[in-house]
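Since the structure comes first, as structure tokens, the remarks are kept for the end.
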Amino acid sequence: MPATCKRQCSTIFERKATRLFLVAVTASLVLTAQTKGGGQTAPSSPYVAKPPHSVRLYVFDCGILHIVDTGRFGLKKEEVVTADLSVPCFLIAHPKGTLIWDTGAVPDAAWKPAGRPVTQHVALPDSQQRDVTMVKSLAAQLAVLGYSPSDITYLALSHYHYDHTANANDFAGATWLVRQVERDAMFAEKPPGTTQPSTYSALRDTKTLILKSDEHDVFGDGAVIIKSAPGHTPGHQLLYLKLAKTGAVVLSGDLYHYPEERTLDRVPTFEFNQEQTRATRVAIDAFLKRTGAQLWIQHDFNGNAKLKKSPNFYE
């Protein structure tokens with residue numbers, strides 16, 4: 001081959017290689033931005049998740065709720081280790097489908113992740129004010145696992161309070177598992193003051209399964225059971241999971257907020273029905289003893305801090 005041709009061919013090869021390299025780098029940067037993004041645009045999943053061989057529980061960081069008055073929970077400030085409350089969200093991945101349990105306090109569309117803690121101010125319909133510190137969007141945490149909201153099979157909220165429903169609208173494509181009294185309250189002409197109806201308005205017309213029994217076996221094999229636990233709200237519920245390695249776990253909803261409520265036998269002042277809450281607590285204690293399940297108090301700041309967070313999981 002002539003020397004001139006060798007030089008020309010070499011130059012063409014180098015140019016093509018450079019272009020391919022730049023395309024690959026650009027694609028990588030776009031994927032990274034989508035995975036880490038938040039705000040109004042849901043990030044794309046880097047890959048599509050496959051059904052697990054056994055049940056998995058993922059714990060998402062959906063913020064920290066700063067409480068000024070612990071008296072609302074029947075507790076003095078000096079009686080609690082910290083006044084802050086964790087705001088977790090959960091994904092249960094089952095061989096037959098997926099379930100989102102609770103969806104946070106601040107909608108992903110209401111803020112933009114900045115790679116550092118960002119405090120959001122929440123104003124409730126009854127004029128109460130709350131501050132919530134956020135770091136990660138729920139959609140971004142799902143995307144890392146290969147899920148988007150449209151992939152979720154079931155949505156279940158422990159109850160209708162604003163700090164559990166923030167991203168409920170994003171899961172309107174899932175089947176909503178709810179009790180009739182809870183749904184009626186959510187869509188009443190005047191909903192309870194601690195709700196944010198705009199965050200769950202899309203659920204009005206979504207596919208809904210009304211739960212009528214005390215226990216609802218989500219996937220039909222006893223591994224994921226939604227259990228009635230009224231009192232905090234009329235249709236409050238909690239979630240029982242039977243995990244192969246971790247054992248049985250109960251996600252508390254708001255049966256308790258602080259562990260001190262349990263040890264000191266205190267009931268919040270803002271319960272829908274305080275006596276019903278007390279009766280439910282007794283019933284759930286008996287259920288825990290019978291099943292040997294661990295009780296995970298969802299809002300327990302220190303307890304939640306010890307849990308491994310997604311993309312790690314419990315199984």
Side-chain angles (χ1 to χ4, degrees), residues 35-39 42-43 45 49 55-65 84-94 97-111 113 117-118 120 122 130 132-178 195-196 199-200 202-203 218 224 226 236-241 249-255 257 296-301 303-314:
T35 301
K36 293 183 178 181
S45 300
V55 179
R56 292 181 177 181
L57 169 62
Y58 294 90
V59 183
F60 296 135
D61 174 8
C62 287
I64 299 172
L65 178 59
D84 285 344
L85 297 176
S86 60
V87 183
C89 304
F90 302 89
L91 169 69
I92 293 84
H94 185 281
T98 50
L99 167 69
I100 283 286
W101 177 261
D102 286 340
T103 62
V106 180
D108 285 355
W111 69 292
V118 177
Q120 297 292 302
V122 178
R130 297 286 185 272
V132 184
T133 297
M134 307 290 297
V135 176
K136 302 176 182 179
S137 69
L138 176 55
Q141 293 177 81
L142 277 170
V144 170
L145 302 177
Y147 295 101
S148 65
S150 62
D151 297 324
I152 303 304
T153 313
Y154 297 106
L155 166 68
L157 306 170
S158 60
H159 62 295
Y160 55 54
H161 288 165
Y162 77 97
D163 53 320
H164 297 258
T165 68
N167 291 291
N169 283 339
D170 292 345
F171 301 95
T175 298
W176 182 27
L177 308 177
V178 64
T195 62
Q196 285 281 37
T199 64
Y200 59 75
L203 300 185
V218 179
V224 182
I226 297 176
H236 180 271
Q237 52 194 10
L238 45 74
L239 187 65
Y240 168 84
L241 303 170
V249 171
V250 169
L251 303 182
S252 70
D254 278 10
L255 183 64
H257 305 78
W296 289 8
I297 299 176
Q298 293 181 205
H299 280 306
D300 177 7
F301 182 82
N304 182 268
K306 296 174 183 176
L307 298 178
K308 52 187 174 184
K309 304 303 188 297
S310 181
N312 296 310
F313 57 87
Y314 292 90

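Note that CD1 of Ile100 and CG of Leu177 are 12.0 Å apart. Values are rounded to the nearest 0.5 Å. Between the CG atom of Leu238 and the CG atom of Asp254 there is a distance of 11.0 Å, given to the nearest 0.5 Å. Residue Cys62 holds its SG atom at 4.5 Å from CG of Leu138, rounded to the nearest 0.5 Å. Summarising the geometry, atom CG belonging to Asp300 is positioned 9.0 Å from atom CG belonging to Leu85; distances are rounded to the nearest 0.5 Å. With rounding to the nearest 0.5 angstrom, the CG atom of Leu241 is 9.0 Å from the CZ atom of Phe90. Thr98 OG1 to Ile152 CD1: the interatomic distance, rounded to the nearest 0.5 Å, is 3.5 Å.
Shown here are the ring pair (Phe, Tyr, Trp, His ring centres under 6.0 Å) partners of Trp176, two or more places apart in sequence or in another chain: there are none. Taking His236 as the reference, nothing meets the side-chain hydrogen bond (donor to acceptor under 3.5 Å, both in side chains) condition, with sequence neighbours excluded. Remark: Asn304 pairs with Val59, Ser86, Pro88, Leu307, Lys309 by the side chain to side chain contact (heavy atoms under 4.5 Å, CB included) rule, at least two apart or across chains. Checked against side-chain hydrogen bond (donor to acceptor under 3.5 Å, both in side chains), Thr195 has no partners two or more places apart in sequence or in another chain. For Gln298, the side-chain hydrogen bond (donor to acceptor under 3.5 Å, both in side chains) partners at least two apart in sequence or on another chain are Trp101, Asp102.
Within 6.0 Å of atom NZ in Lys308, more than 12 heavy atoms from other residues, nucleotides or ligands are found, so the atom counts as buried in its surroundings.
Using bins of under 30°, 30° to 60° and over 60° for the plane-to-plane angle, the ring pair Tyr58/Phe60 lands in the parallel bin. The aromatic rings of His164 and His299 sit perpendicular, their planes meeting at an angle over 60°, well past the 30° parallel limit.
Put simply, the side chain of Val122 reaches to within 4.5 Å of the side chain of Gln196, judged on heavy atoms. You'll find the side chain of Leu99 stays beyond 4.5 Å of the side chain of His94, heavy atoms only. Considering only heavy atoms from C-beta on, Leu239 comes within 4.5 Å of Ile92 through its side chain. The shortest side-chain heavy-atom distance between Leu145 and Ser310 falls under the 4.5 Å cut-off. You'll find the side chain of Trp296 reaches within 4.5 Å of the side chain of Leu57, heavy atoms only.
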Would you check, one step at a time, whether the test side chain to side chain contact (heavy atoms under 4.5 Å, CB included) holds for Leu157 with Val178? CA-CA 7 Å; Leu157 306 170; Val178 64; over 6 Å; no

Check against side chain to side chain contact (heavy atoms under 4.5 Å, CB included), Asp84 and Thr133: CA-CA 10 Å; Asp84 285 344; Thr133 297; over 6 Å; no

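Across all non-hydrogen atoms, the minimal contact from Pro311 to Val144 is CB-CG1, 4.3 Å. The heavy-atom pair separating Ile297 from Ser252 by the smallest distance is CA-OG, 3.3 Å. When all heavy atoms of Pro107 and Thr199 are compared, the closest pair comes out as CG-CG2, 4.0 Å. Contact record, Lys306 with Tyr314: O-OH, 4.5 Å, taken as the closest heavy-atom pair. Summarising the geometry of Asp108 relative to Ala139, their closest heavy-atom pair is OD2-N, 2.9 Å, with the distance given to 0.1 Å. Across all non-hydrogen atoms, the minimal contact from Ala49 to Tyr147 is CB-CZ, 3.4 Å.
Not a single donor-acceptor pair under 3.5 Å links the side chain of Thr165 to the backbone N or O of Ala168.
Within the structure, no pair that satisfies the side-chain hydrogen bond (donor to acceptor under 3.5 Å, both in side chains) test touches residues 166-175, not counting sequence neighbours.
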